[in-house]
Amino acid sequence: MAAPESSPSLKVFNTLTQRKESLDPLRPGEVRLYVCGPTVYSYVHLGNARTFTAFDVVVRYLRYRGYRVTYVRNLTDVDDRIIQAAQASHEEPRLLADRFVQAFDEDVRALGLLEPDVAPRVTDNMPEILALVQKLLDAGAAYASDGDVFFAVSAWPGYAKLSHRNVEELRAGEGGVAGERKRDSLDFALWKAEKPGEPAWDAPWGRGRPGWHIECSAMAVKFLGQPFDIHGGGLDLIFPHHDNEIAQSEASAKAPLAKVWMHTGFLEMENAKMSKSLGNVVRLRDALARVDAEALRLFFLSSHYRNPLVFSEAALTEAERRLEYFYETLQRVDERLALREVQMAATLGDSGRFLRAFERSMDDDFNAAEGQAALHALFTEMNLLLDRPPVTDRDRVACTLAELRAEVRPFGQVLGIFQQSPARWLEWRRDRLVERRGLDRARIEALIAERAAARKARDWARADALRDALATLGVELRDSAAGTAWKVRDEP
RNA sequence: GGCGCCAUCGCCAAGUGGUAAGGCAAGGGUCUGCAAAACCCUCAUUCCCCGGUUCGAAUCCGGGUGGCGCCUCCA
């Protein structure tokens with residue numbers, strides 16, 4: 001593992017500067033990362049999952065590279081949409097939020113996402129939010145108006161620098177409306193005055209609740225300091241959410257909020273972004289009921305994180321089939337290595353070459369899609385050694401296989417795959433396919449036994465007829481010296 | 001209208017100035033009683049179109065065409 005200082009080559013695309021920059025942490029060897037988490041008013045969908053998976057891999061790779069990473073991913077549990085959803089289901093907003101926080105944790109754990117170091121909730125951080133609003137009021141960057149508090153965009157010269165928009169043009173667009181309460185149509189709420197039946201907290205300027213953007217500013221700075229290294233989220237958060245965070249934090253502290261801003265591309269459904277407002281969402285938990293979590297991760301990582309990715313059942317099926325190839329190879333390698341004592345011997349090939357190629361890809365703005373080429377090459381090499389070894393010395397082949405097997409681990413660790421034992425994963429997949437096709441194990445085993453007898457009697461016609469019958473059921477046979485193994489094909 | 005993104009083999013996809021990664025599918029082969037799996041080979045003189053810059057462009061610039069996003073909640 002390379003020391004962080006020795007990898008100045010790690011490049012990250014920064015939305016703020018719109019170019020790739022060398023990652024140069026504010027504190028040597030340490031990366032402080034904040035990712036905007038979900039607003040908990042419903043279940044997470046695959047679009048959200050894609051973003052969180054992308055940052056999960058960012059964290060894993062930075063740690064693999066030797067950085068100490070502090071990863072904060074918030075839970076927004078006070079919000080208009082939560083209140084709306086709670087009213088619709090005649091539930092306390094707090095309870096509804098709790099319910100979806102729990103669902104989020106379950107779903108995201110099933111996806112294999114690492115726990116963030118801190119997962120702060122708005123309701124647990126009101127003092128910091130109140131303090132930030134007060135600070136902005138004191139600085140003249142905000143004003144109270146009938147119990148609401150607004151941020152004064154005109155008091156902050158750098159407004160919208162992240163989205164690279166022109167303030168005048170934003171004003172010309174629809175936007176909000178200036179009126180008795182808002183001085184400028186672009187001003188946004190830091191605090192919303194209490195309304196009947198809504199959650200509210202005491203504040204010097206009147207009871208109410210925080211506006212949408214203030215919580216991220218307050219919590220990010222509380223847990224990471226200001227400035228910190230990387231702030232991330234989906235592309236749709238650039239404006240206004242991240243621009244507003246920047247405005248609030250920088251106007252209050254006269255220092256940058258974050259050095260690098262990273263944004264993930266959209267997951268699309270039939271040429272439209274997957275979003276709750278369009279109603280074209282697939283929930284993460286529903287997807288995980290149909291496809292393996294690691295296969296889903298492989299699908300997310302098949303395209304660069306900033307590019308749009310189109311969702312399809314076929315792509316998911318392909319990803320799971322690819323994962324099956326990986327696990328089958330791992331199982332074969334493990335079986336081979338368990339066969340007998342191996343004498344130390346010189347290994348074949350250039351040790352670590354696949355991993356180095358992977359690192360080159362990942363160093364270039366976390367290009368996991370490109371990095372998968374190295375992963376495939378590594379597996380092809382293992383299969384080659386298994387079936388067509390280039391030398392006859394068994395110890396050399398075995399030692400090389402052991403070395404390559406060890407090289408697989410970092411890939412798995414960074415991408416969040418290969419976390420199951422091969423045998424267990426393959427069994428799990430077969431069980432699921434058996435169930436999906438409504439197959440009868442006893443009958444399959446009986447047919448295989450019958451075929452074995454036919455083969456022993458050299459009755460090839462009978463044996464082939466039985467194999468064809470099994471193939472019709474979706475069962476595929478693999479004859480070997482050890483006997484006949486069977487698997488189930490995934491497509492009817 | 002403003003800001004921004006995308007267009008690469010049948011499908012997915014990397015590559016953003018030095019002569020087209022990888023996966024899936026397809027065809028051929030090795031292996032096999034026959035298969036399957038695995039491996040090997042083949043599979044884009046070409047990167048939406050038209051101009052330009054350059055010794056050199058999928059990559060840069062200008063202009064089109066098509067698709068998408070943000071500007072209102074959104075990962």
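Taking the six-membered ring where tryptophan is involved, the planes of A:Tyr34 and A:His231 are tilted, since the angle between them lies from 30° to 60°. Relative orientation of the A:Phe379 and A:Phe418 rings is tilted, given thresholds of 30° and 60° on the angle between their planes.
Pairing partner, B:U16: none, since no Watson-Crick or wobble contact has both distances short of 3.5 Å. B:U45 is unpaired under the Watson-Crick or G-U wobble criterion, no partner having all donor-acceptor distances under 3.5 Å. Across the strands present, B:G33 finds no partner; the criterion is a Watson-Crick or G-U wobble pair with both atom distances under 3.5 angstrom. Nucleotide B:A57: unpaired (no Watson-Crick or G-U wobble partner with both distances less than 3.5 Å). Taking a pair to require two hydrogen-bonding distances under 3.5 Å in either a Watson-Crick or a G-U wobble arrangement, B:G62 pairs with B:C50. As the counterpart of B:C5, B:G67 is assigned, both hydrogen-bonding distances of the Watson-Crick or G-U wobble pattern falling under 3.5 Å. Checking B:G10 for Watson-Crick or G-U wobble geometry (two distances, each under 3.5 Å) identifies B:C24 as its partner. In this structure, B:U72 forms no base pair with any nucleotide, since neither Watson-Crick nor G-U wobble geometry is met with both distances under 3.5 Å.
Comparing the C1' positions of B:G22 and B:A57 gives a spacing of 23 Å, expressed to the nearest Å. Using atom C1' as the reference point in both B:G23 and B:C9, the two lie 13 Å apart (nearest Å). As rounded to the nearest Å, B:C60 and B:G17 have P atoms that lie 8 Å from one another. The gap from the C1' atom of B:G2 to that of B:U59 amounts to 28 Å, rounded to the nearest Å. B:A14 and B:C55 have their P atoms separated by 32 Å, given to the nearest Å.
For A:Tyr325 and B:A25, the OH to P distance is 12 Å, given to the nearest whole Å. In this structure, A:Arg165 places its CZ atom 10 Å from P of B:C70, rounding to the nearest Å.
OP1 or OP2 of B:A75 sits under 4.0 Å from a side-chain N or O of A:Lys276.
Nucleic acid contact for A:Leu477: base, since at least one base atom lies under 4.0 Å from a heavy atom of the residue. Among the atoms of the strands shown, none is found under 4.0 Å from any heavy atom of A:Gly371. No engagement by A:Arg360 is indicated, since no non-hydrogen atom pair under 4.0 Å with the nucleic acid exists. Backbone-only engagement by A:Phe239 is indicated by non-hydrogen atom pairs under 4.0 Å involving sugar-phosphate atoms exclusively. Nucleic acid contact for A:Asp479: base, since at least one base atom lies under 4.0 Å from a heavy atom of the residue. The residue A:Leu278 sits apart from the nucleic acid: no heavy atom pair falls under 4.0 Å. Within 4.0 Å of A:Arg81, counting heavy atoms only, lie sugar-phosphate atoms of the nucleic acid but no base atom. Among the heavy atoms of the strands lying under 4.0 Å from A:Gly233 are primed sugar atoms or P, OP1, OP2 only; no base atom is included. Note on A:Asp79: nothing from the nucleic acid sits closer than 4.0 angstrom, heavy atoms only. In this structure, A:Arg50 reaches neither bases nor backbone, as no heavy-atom distance under 4.0 Å exists between it and the strands shown. Residue A:His304 is in sugar-phosphate contact alone, with no base atom involved, counting any heavy-atom pair closer than 4.0 Å across all strands shown. Within the nucleic acid shown, A:Ser275 comes within 4.0 Å of at least one base atom, counting heavy atoms only.
At least one donor-acceptor pair closer than 3.5 Å links the side chain of A:Arg430 to the backbone N or O of A:Trp486.
Interface residues of residues 310-323 of chain A facing RNA chain B, ordered by number: A:Glu318, A:Arg322; criterion, heavy-atom separation under 4.0 Å. Listed by residue number, the members of residues 375-394 of chain A with any heavy atom below 4.0 angstrom from RNA chain B are A:His376, A:Thr380, A:Asn383, A:Leu384, A:Asp387, A:Arg388.
Considering only residues two or more places apart in sequence or on other chains, A:Asp387 meets the side-chain hydrogen bond (donor to acceptor under 3.5 Å, both in side chains) condition with A:Arg332. Taking A:Val310 as the reference, A:Glu268 meet the side-chain contact (heavy atoms from CB on, under 4.5 Å) condition, with sequence neighbours excluded. Residues meeting the side-chain contact (heavy atoms from CB on, under 4.5 Å) test with A:Leu235, sequence neighbours left out: A:Ile238, A:His263, A:Phe266. Under the ring-ring contact (aromatic ring centres under 6.0 Å, His included) criterion, A:Phe150 pairs with A:Tyr143, sequence neighbours left out.
Evaluated for a ring-ring contact (aromatic ring centres under 6.0 Å, His included) with A:Phe52, the options A:Tyr71, A:Tyr305, A:Phe104 yield exactly one hit, A:Phe104. The salt bridge (charged side-chain N to carboxylate O under 4.0 Å, His left out) test with A:Asp490 singles out one residue from A:Arg429, A:Arg322, A:Arg436, and that residue is A:Arg429.
When only modelled atom types and interatomic distance are considered, A:Thr329 and A:Asn383 share a side-chain donor-acceptor pair under 3.5 Å. Between the side chains of A:Asp292 and A:Trp425, at least one donor-acceptor pair of N or O atoms lies under 3.5 Å. Under 3.5 Å, the side chains of A:Thr51 and A:Thr264 contain a donor-acceptor pair of N or O atoms.
Remark: ring of A:Phe266 not stacked against base of B:A75; the cut-offs of centroid gap under 5.5 Å and plane tilt under 30° are not jointly satisfied.
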